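Okay, so here's the structure we're looking at.
Here the structure is a predicted model, which is why all the values come from computation and not from measurement. Along the sequence shown, the residues carry numbers beginning at 1.
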Amino acid sequence: MIKFKINTSIVTLAMILSTPVQALDILGRTRNEGGQGVKRGLVALYQFSPTRNNVALPANTIADESGVGAPLDLKISNTTAIQRKCDRSFYDPVTKSQQTVCYLDFNEGSKNGVKSIVEAAKITNQCKATNNMTVEMWVRNDRADELTKEGRMMPLKIVTLGRNTEQMVNGRYLGSSNDSNFYVGLDYDMAPQYTASVRRGNRTQRNAQANDGFTSASASYNNQQAALYSIETSHTSLNTPDTSDSKILANNKLQQVIFTYKANGTATLYTSSSSEGEGSFENPFTLQPVPRMQTVDPSMANRLSGWNDSFYLSLGNEVTYSSTTAPVVKSGGNISFRTENREWRGEIYLLAVYCDAHTDEDILGESAPGANYQSLPPNPNVQITNNHLIAAQIYNRIVGVKIPITAPIISGVNDSRFPASVDYSGRGMVQMLNAGNPLGAAQLAASEDAFYNITIRDFAKRMSTRDESVNTALNDFVATIIGVTRDNIPATQLLTGNFFYMGNPTLTATPSNMQNDLLLSNNHYERLEALDYNLRKVLVKVDGQKISNGTTAVNHPDPAGILTSRAFLAAHAVAGTNRRIIEYAFREFLCIPIAGWSDSTGPDNRVGQDVDRYPGGDHTKFLTSCRSCHSNMDGLRGAFAKVHFNNNLVKHASIITANSPTEDGETATTMCQRPNGIACKMNRNDDVFSEGYEVVDNSWVNNAYRGSNSTYFGWNQSATGNSIRSFGQLIAGSKAFQTCMAKRAFRSVCKREPAAVDQSLIDKVGQEFVNDNYNLKNLFSRIVISRECSGFNF
């Protein structure tokens, strides 16, 4: 979460995700024109062409190219400082040719800016009628790096609908620059950032006060020291809360800025990111937006009625900068301005104003929140065959949702009613079945977003927590399994890798502080899921697992994929003695409960001091019952000897201060250790049987190698180790791992637990899983086309 000021009060600003921008491209094209955007509700459009209807325009005139109502043309105040240019070109992937773009270049001395020739009543009246608005721009900033508050009025204004002097007293206008219907500009708070504001209430008037910064002592004002002037009562303001380490506003790069306001009181500011390689003229189609969303008091929604229809549309500065009728404003020590100078310098390539609130789907396309799954009615032009029915069943099982049997991915017949990013013409699932390639048909279905967002998500959720339910929140464990499946990473790395998956910070604006939102809480992942984002598209692999030392995020000293994820350790390393981690590692990844691999003949030299050797006074009970489980669990739990989950975070003894005498007394920066470097929990209740094993390091021994255990697990890794990662290698390298993943995939797509009669299939696809380099997508695809799952003999 971030905060911003509005009318001196602090308001919390929620952030939402995004993916590649799909609004109007730099040529202003809609989706039907080869672009990605929409023009619904358009009232004014400026692309800075030097002509209108092939007739040259005066050098100081900018044409409104919307074609809506009377043109709201703009006038350039100084054609030397503000120049129309058409000297930039780029390669256009739509026309496959070089395209030239025109723009306005605001240079030093462009203070008087650009203003509409007449009042912008057509914008104001239309937006007041709809109570919705959107402003969309393509810009390049000239001076983002030098943007600071000192000696400069803030915010700088790129586009404004207003007039900074409205209330007239004795023939003079009085007011402030906040007296506008809306503006989009630049501000500075720790770093340069975009800012936008919209009036959503009526004006009120009050007496000017000394701290307002207005001077009205001249004779021309009739010595009215406390002249009335208009103020804002409810302006919704947003910004991109950049810091010195995370900058969105870029200098000398193309960026797209979109500001929307909905009648329900929701305002959103979309700003493209400034990643290297993006925003260039060679490729201006790769911008990534970072939306900010604020939901205001519902009682103030639907309130654009306070907009003034006598205001002007202006670019580059305040509407009435240098007006001789405005009061003097002092800023920056002895510097004084007749009106507030908020001069912006840079280039504007496109400006569109709408009286409609464009939605996330309008701007972000299929990657928007809640737009994961396409609504596609049947295509009556497709002739149905038996293979259509088979393909639809395969699709439903592996993807987890139903779509019409005539959908292009199934039928291989494109539907011109619904533009698609993939051309399935003659290459759908049916064509693959016709060619005798059922695996290819299943793999094609597994390329769908919903396979990852539903099937793999639920497959992972069942393993991530103690209750083994899909009714749990998205977390780092689940996200990492989705990412590994999508990226075709061998599944063995799930238990051994030094990486994790999260929402890409350059594509998202969810809470993403590593310390607060990923290591101390599950905020990041819960927000991703709450907004129904397309996980397949927004998750990114981050090399180098992180862990908190109590104050900051540091490199994990013993990373082991999802075994060291926050979700898995929050479920199994909290309290207890870390035996549960071993129990559930075998349960989730080897598909065997503790009772299934207990061994009463196992050695007891690793059984802990907290286990009574004479329970109820009977040593035989220990030998025949207790030892059977503890021999195996206690032999292996040493791998996690340095780990504890407490104070909402995973703790590792090698990076947390050992100055807490008890576990109950631990803080976020302390950890009870006994001996030093070992979590106290490992040697808890050491007085029960003091001659038992004392954990002094993170070594482990695998005692589960005798008799039937040897056959079931099929170990092929070392029987000893001294880290969590080496334990993960033991699990991932076993035969039981491959068959367990096959069983879990079977449960996911066949909607039942595998029976004894299915064992030959499980063994077969388990071995193919190994042969496929542990590819989870192929594993699901092979199972779904099996006779045991689909009922078809391919």
Original post:
Counting distance only, does the side-chain N/O of Ser116 pair as donor-acceptor with the main-chain N or O of Leu313 below 3.5 Å?
Top reply: yes
Subject >> Atom of Arg527, atom of Pro511 and distance for their closest heavy-atom approach >> reply: CG-CD, 3.7 Å
Original post:
Quick one: CD on Gln256 to CG on Asp25, what's the gap to the nearest 0.5 Å?
Top reply: 8.5 Å
Subject >> Donor-acceptor pair, side chain of His358 and main chain of Glu136, under 3.5 angstrom >> reply: no
**OP:** Please report the closest heavy-atom contact between Thr130 and Cys355, naming both atoms and the distance.
**Re:** OG1-O, 3.0 Å
Original post:
Can you find a heavy atom in the side chain of Ile258 that is under 4.5 Å from one in the side chain of Val135?
Top reply: no
Subject >> Close side-chain approach of Phe90 to Ile26, heavy-atom, < 4.5 Å >> reply: yes
Subject >> Pairing of Asp64 and Arg52 as salt bridge, 4.0 angstrom limit >> reply: no
**OP:** Let me see the working for Val159 and Met137 under side-chain contact (heavy atoms from CB on, under 4.5 Å), right down to the final yes or no.
**Re:** CA-CA 9 Å; Val159 57; Met137 299 185 296; 3.7 Å; yes
Subject >> Any Asn252 side-chain heavy atom under 4.5 Å of Asn141 side chain >> reply: no
Subject >> Min side-chain heavy-atom separation Arg29-Leu24 under 4.5 Å >> reply: no
**OP:** State, to 0.1 Å, how close Ile348 and Phe106 come at their nearest heavy-atom pair, and which atoms those are.
**Re:** CD1-CE1, 3.9 Å
**OP:** Inspect the contact between Lys75 and Asp73 and indicate whether a charged nitrogen and a carboxylate oxygen are less than 4.0 angstrom apart.
**Re:** no
Subject >> Distance, nearest 0.5 Å, that separates CG of Leu315 from OG1 of Thr160 >> reply: 8.5 Å
**OP:** For residues Ala120 and Leu72, report the shortest heavy-atom separation together with the two atoms involved.
**Re:** CB-CD2, 3.7 Å
**OP:** Would you tell me whether Thr95 and Gln99 have side-chain atoms, one donor and one acceptor, within less than 3.5 Å of each other?
**Re:** yes
**OP:** Taking all heavy atoms of Cys86 and all of Thr100, pick out the closest pair and write down the distance.
**Re:** O-CG2, 3.4 Å
**OP:** First locate atom CD1 of Ile62, then atom SG of Cys102, and finally report the distance between them rounded to the nearest 0.5 Å.
**Re:** 9.5 Å
Original post:
Passes side-chain contact (heavy atoms from CB on, under 4.5 Å), Asp449 versus Asn534? Steps please.
Top reply: CA-CA 7 Å; Asp449 292 343; Asn534 190 329; 2.7 Å; yes
Original post:
Hey, is the main chain of Thr61 close enough, under 3.5 Å, to the side chain of Arg84 for a donor-acceptor pair?
Top reply: yes
Original post:
Do Ile76 and Leu74 pass the side-chain contact (heavy atoms from CB on, under 4.5 Å) test, and can you show the C-alpha distance, the side-chain angles, and the key distance before you say yes or no?
Top reply: CA-CA 7 Å; Ile76 302 173; Leu74 309 178; over 6 Å; no
Original post:
Taking all non-hydrogen atoms of both residues, which atom of Met133 and which atom of Trp307 are closest, and how far apart?
Top reply: CG-CH2, 4.1 Å
Subject >> Short side-chain to backbone donor-acceptor contact, Lys39 and Ala352, under 3.5 Å >> reply: no
Original post:
Arg199 versus Leu304: any side-chain heavy-atom pair under 4.5 Å?
Top reply: no
Original post:
Out of curiosity, Ser314 OG to Lys115 NZ, how far, rounded to the nearest 0.5 Å?
Top reply: 8.5 Å
Original post:
Hey, does the side chain of Gln47 reach the backbone of Leu27 with a donor-acceptor pair shorter than 3.5 angstrom?
Top reply: yes
Original post:
Would a 4.5 Å heavy-atom cut-off, applied to side chains only, mark Asn107 and Ile82 as touching?
Top reply: no
Subject >> Contact check, side chains of Thr260 and Thr134, non-hydrogen atoms, under 4.5 Å >> reply: yes
Subject >> Point-to-point distance, once rounded to the nearest 0.5 Å, from CZ of Arg88 to CZ of Arg140 >> reply: 5.5 Å
Original post:
Do you see a donor-acceptor pair shorter than 3.5 Å between the side chains of Asn251 and Asp142?
Top reply: no
Subject >> Any donor-acceptor N or O pair under 3.5 Å, side chains Tyr354, Asn132 >> reply: no
**OP:** Indicate yes or no: at least one non-hydrogen side-chain atom of Tyr194 is less than 4.5 angstrom from one of Leu186.
**Re:** yes
Original post:
Would you call Glu347 and Lys85 a salt bridge, taking side-chain N to carboxylate O under 4.0 Å as the test?
Top reply: no
Original post:
Given Val257 and Val184, is the side-chain contact (heavy atoms from CB on, under 4.5 Å) satisfied, shown in steps?
Top reply: CA-CA 9 Å; Val257 182; Val184 180; 3.9 Å; yes
**OP:** May I ask you to decide if Gly113's main-chain N or O and Ser77's side chain share a donor-acceptor pair within less than 3.5 Å?
**Re:** yes
**OP:** Determine whether the side chains of Asn78 and Asn112 contain a donor N or O and an acceptor N or O closer than 3.5 Å.
**Re:** no
Original post:
Roughly how far apart are Leu161 CG and Asn181 CG, rounded to 0.5 Å?
Top reply: 4.5 Å
Original post:
Do Tyr183 and Arg342 have a side chain donor and acceptor closer than 3.5 Å?
Top reply: no
